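Report on the following structure.
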Amino acid sequence: MATIQGAACNSCRYFDDHKLNGAAATGDQGLCRFNPPVSQPEPQGHGLWPVVAGQDWCGHFTAEQHPAE
C-alpha cells in the first residue's frame, strides 16, 4: 500500500498533542479529534478519544489538512 508523502497524525489539524493548558505530551502520542469520542460499555463511563502516535496516519489524511493553529 502506498502512503501519502508527509502523511502523519502530527501534521493533521485534528491531532491534539496535549500541550494545551500546561499539560505535557507523553512521547509523540496525542489524541485524534477527527471523530467523536468512543463511548464506553458502562452507562456511567466517559467517552474516550483514540490515542495515536505522531507518525501514525489514517485514510482521513489529505495534504490539504494542515496542523491546527
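These numbers come from a predicted model, not from an experiment.
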I need the full list of salt bridge (charged side-chain N to carboxylate O under 4.0 Å, His left out) pairs touching residues 33-51, with sequence neighbours left out, sorted by first then second residue.
Asp16-Arg33
Rounded to the nearest 0.5 Å, the CG atom of Asn10 sits from the CG atom of Asp17 at a distance of 9.0 Å
Enumerate the residue pairs fulfilling salt bridge (charged side-chain N to carboxylate O under 4.0 Å, His left out) with a member in residues 44-57, sequence neighbours excluded, ordered by first and then second residue.
none
Assign the ring pair Phe34 / His60 to parallel, tilted or perpendicular, where the plane angle (0 to 90°) is split at 30° and 60°.
parallel
The test is side-chain contact (heavy atoms from CB on, under 4.5 Å); show your working for Val51 and Leu31 and say whether it passes.
CA-CA 5 Å; Val51 176; Leu31 302 176; 3.9 Å; yes
So, for Cys9 and Ala53, which heavy atoms are closest and what is the spacing to 0.1 Å?
CB-O, 3.5 Å
Shortest non-hydrogen contact between Gly54 and Ala8, atoms and distance
O-CB, 3.4 Å
Under a single-linkage rule joining Ile, Leu, Val, Met, Phe, Trp and Tyr whose side-chain heavy atoms are separated by less than 4.5 Å, which residues share a cluster with Val38?
none
Drop me the distance from Ser11's OG to Trp57's CH2, to the nearest 0.5 angstrom.
13.0 Å
